[in-house]
Asks: 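Let me begin by handing over the structure; questions about it come next.
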Amino acid sequence: MRLQIRLLDNLVNAAAWIAGIATVLMTFHVTADVIGRTLLSKPITGTVEIVSAYNMAAIAFLPLALIARERGHIIVELFTGWMTLRGRTLLDAFVAIVTFVYTAVFTWKAIEIAITKTHIREAKEAGVGFVEIWPSRWVVAVGFGLMAICIFLLMVRDFRAGLSGRIDPDDVDRHGGDGVTHINPAEKQL
């Protein structure tokens, strides 16, 4: 099981790195287009299509699994502050069920759309030609697929911790390490 988790961690980290690289490439691409358009009167054909289809898809969807793995999504404790650590952990597990179902269905639909768009070789018109954008459809499926797997593993970990009363060593920081607080001490409000 540790081997699979290490493999998943490597995939999640790789996806996050690809998103970071896409951010840098987008910056250079847009800058080159602006310079070319402004100074040389020669814009780079397809900049808008490439940036919106490829770079933005990677930036928006590939880091989702990293955010899920690090439990970086927003948690509002307005109505759960009174709960015990065990109760909050079980509540997190039940919320993870809903999140997992949503992300699994979204992944399934994204794969269906990606297959359809791949078959028709989806493209957008860009000035003097076409830019094929069907590969970017797979980025959405991969991003949500990795997120679904991470959510599933967190759900299992939370159920195990909630039912046994023992916090997983990987979650000690999240719970503040004192068994009382539910959030990382660095995130506490003053």
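Side-chain atoms are counted along with the backbone in the values below, which use heavy atoms only and exclude waters and symmetry mates.
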Asks: Determine yes or no for a side-chain-to-main-chain donor-acceptor pair under 3.5 angstrom, with Arg37 supplying the side chain and Lys42 the backbone.
Replies: no

Asks: Give me the atom names and distance for the closest heavy-atom approach of Ala15 to Leu146.
Replies: CB-CD1, 4.0 Å

Asks: For the atom pair OG1 (Thr103) and CZ (Phe152), what is the distance rounded to the nearest 0.5 Å?
Replies: 11.0 Å

Asks: What distance do Thr27 atom OG1 and Asn55 atom CG have between them, rounded to the nearest 0.5 Å?
Replies: 8.5 Å

Asks: Do Met56 and Ile113 share a hydrophobic cluster, counting only Ile, Leu, Val, Met, Phe, Trp and Tyr and linking them when any side-chain heavy atoms are less than 4.5 Å apart?
Replies: no

Asks: Yes or no on side-chain contact (heavy atoms from CB on, under 4.5 Å) for Val51 and His29, after CA distance, side-chain angles and deciding distance?
Replies: CA-CA 8 Å; Val51 166; His29 191 169; 4.3 Å; yes

Asks: So how far is it from Leu66 CG to Asp9 CG, rounded to the nearest 0.5 Å?
Replies: 9.5 Å

Asks: Are Ile151 and Phe106 linked, directly or through intermediate hydrophobic residues, by side-chain heavy-atom contacts shorter than 4.5 Å (ILVMFWY only)?
Replies: yes

Asks: Same hydrophobic cluster for Val139 and Ile18, using side-chain heavy-atom links shorter than 4.5 Å among ILVMFWY?
Replies: yes

Asks: Heavy atoms only: give me the nearest Ala126-Thr45 pair and the separation to one decimal.
Replies: O-CG2, 3.2 Å

Asks: So which heavy atom on Pro63 is nearest to which on Ala19, and how close?
Replies: CG-CB, 3.7 Å

Asks: Apply the side chain to side chain contact (heavy atoms under 4.5 Å, CB included) test between Arg69 and each candidate in Asn13, Leu154, Leu8; give the one that qualifies.
Replies: Asn13

Asks: Where do His119 and Thr116 land on the side-chain contact (heavy atoms from CB on, under 4.5 Å) test, with the steps shown first?
Replies: CA-CA 5 Å; His119 285 306; Thr116 302; 5.9 Å; no

Asks: Mark yes or no for whether Thr89, through its side chain, and Gly162, through its backbone, hold a donor-acceptor pair below 3.5 Å.
Replies: no

Asks: Donor-acceptor pair, distance only, cut-off 3.5 Å: does the side chain of Thr38 make one with the backbone of Ile35?
Replies: no

Asks: State, to 0.1 Å, how close His73 and Leu64 come at their nearest heavy-atom pair, and which atoms those are.
Replies: CE1-O, 4.3 Å

Asks: If Ile, Leu, Val, Met, Phe, Trp and Tyr residues are connected whenever their side-chain heavy atoms lie under 4.5 Å apart, and connections chain through other members, are Leu11 and Ile149 in the same group?
Replies: yes

Asks: Rounded to the nearest 0.5 Å, how far does CD of Gln4 lie from CZ of Arg2?
Replies: 11.0 Å

Asks: Looking only at heavy atoms, what is the nearest atom pair of Ser136 and Ala57, with distance?
Replies: O-CB, 4.3 Å

Asks: Test Phe159 against Ile97 for side-chain contact (heavy atoms from CB on, under 4.5 Å), laying out the working first.
Replies: CA-CA 10 Å; Phe159 268 121; Ile97 291 172; 3.7 Å; yes

Asks: Which distance, rounded to the nearest 0.5 Å, do you find between the CG of Leu163 and the CG of Asp158?
Replies: 10.5 Å

Asks: Do you reckon Ile111 sits in the same ILVMFWY cluster as Trp134, going by side-chain contacts under 4.5 Å, direct or chained?
Replies: yes

Asks: Measure across Arg86 and Ser164 and return the closest heavy-atom pair with its distance rounded to 0.1 Å.
Replies: NH2-C, 3.4 Å

Asks: Start with the C-alpha gap between Phe61 and Val142, add the side-chain angles, then the distance that decides, and say whether side-chain contact (heavy atoms from CB on, under 4.5 Å) holds.
Replies: CA-CA 8 Å; Phe61 294 103; Val142 168; over 6 Å; no

Asks: When rounded to the nearest 0.5 angstrom, what distance separates CD1 in Ile50 from NZ in Lys124?
Replies: 11.5 Å

Asks: Do side-chain atoms of Thr107 reach the backbone of Phe144 as a donor and acceptor pair under 3.5 angstrom?
Replies: yes

Asks: Does Asp33 use its side chain to pair, donor to acceptor, with the backbone of Pro43 at less than 3.5 Å?
Replies: no

